[in-house]
Amino acid sequence: MNAQEVTTLQLAEKMRFWQTIGRDICIIIGGADGLHANIKQQADWLWGLSKLTLPHAFVRVLLCEQLYRAHSVIQIPLSPE
């Protein structure tokens, strides 16, 4: 399974799905060399933030920001078309 890069709106849809199934989620940040194949095999979904190698401190901030933005999208009711 390859890591999937998503937009904020796609992440919001993923978060909505997680809310409907009622399971806990776990987010693991890989190192510069990525994650061990055994961990990847156990994942339901692999989220790729970037193809670049990023420092852990930056990734934690980026991750929090994107989760916040996706959560904000969920909280805004969609207007009927």
Side-chain angles (χ1 to χ4, degrees):
M1 178 183 341
N2 292 327
Q4 181 182 8
E5 292 184 23
V6 295
T7 66
T8 301
L9 294 177
Q10 290 169 324
L11 180 58
E13 285 301 316
K14 194 71 154 165
M15 288 179 73
R16 278 191 186 105
F17 171 72
W18 292 333
Q19 289 174 338
T20 62
I21 62 173
R23 281 182 30 197
D24 291 336
I25 64 163
C26 177
I27 297 174
I28 300 172
I29 300 172
D33 296 324
L35 294 171
H36 192 275
N38 291 343
I39 293 174
K40 288 182 176 182
Q41 289 172 351
Q42 294 179 46
D44 293 325
W45 182 56
L46 295 176
W47 178 16
L49 294 178
S50 174
K51 292 181 181 182
L52 300 171
T53 301
L54 304 170
H56 267 83
F58 178 73
V59 170
R60 287 191 297 265
V61 171
L62 178 63
L63 177 66
C64 290
E65 174 67 18
Q66 288 309 303
L67 291 172
Y68 170 78
R69 286 178 183 265
H71 177 73
S72 296
V73 168
I74 292 171
Q75 300 309 309
I76 300 170
L78 298 175
S79 60
E81 296 183 35

Q.
Just verifying a value: how many Å separate Glu65 CD and Leu67 CG, rounded to the nearest 0.5 Å?
A. 9.5 Å

Q. Would you say the side chain of Phe17 lies within less than 4.5 Å of the side chain of Trp45, judging by non-hydrogen atoms?
A. no

Q) Is the CG atom of Asp33 crowded by more than 12 outside heavy atoms at less than 6.0 Å? A) no

Q: Kindly work out whether a path of hydrophobic side-chain contacts (I/L/V/M/F/W/Y, heavy atoms less than 4.5 Å apart) joins Leu63 to Trp18.
A: yes

Q) Looking only at heavy atoms, what is the nearest atom pair of Ala70 and Met15, with distance? A) CB-SD, 3.3 Å

Q: Find out if a path of hydrophobic residues (ILVMFWY) with successive side-chain heavy-atom gaps under 4.5 Å connects Ile39 to Ile27.
A: no

Q: Tell me, with the steps shown, if Val6 and Lys14 meet side chain to side chain contact (heavy atoms under 4.5 Å, CB included).
A: CA-CA 10 Å; Val6 295; Lys14 194 71 154 165; over 6 Å; no

**Q.** Ala12 versus Ile74, closest heavy-atom pair with distance
**A.** O-CD1, 3.5 Å

Q. Under a single-linkage definition using a 4.5 Å side-chain heavy-atom cutoff for Ile, Leu, Val, Met, Phe, Trp and Tyr, are Phe58 and Leu11 assigned to the same hydrophobic cluster?
A. yes

Q.
Please report the interatomic distance CD(Gln66) to OG1(Thr7), rounded to the nearest 0.5 Å.
A. 9.5 Å

Q: Please report the shortest heavy-atom distance between Leu35 and Lys40, naming the atom on each side.
A: O-CE, 3.7 Å

Q. Once you round to the nearest 0.5 Å, how far does CD1 of Ile29 lie from CG of Leu49?
A. 8.0 Å

Q. Is it true that atom NE2 of His56 has more than 12 heavy atoms of other residues, nucleotides or ligands lying nearer than 6.0 Å?
A. yes

Q) What is the distance from atom CD of Glu5 to atom CD of Gln10, rounded to the nearest 0.5 Å? A) 10.5 Å

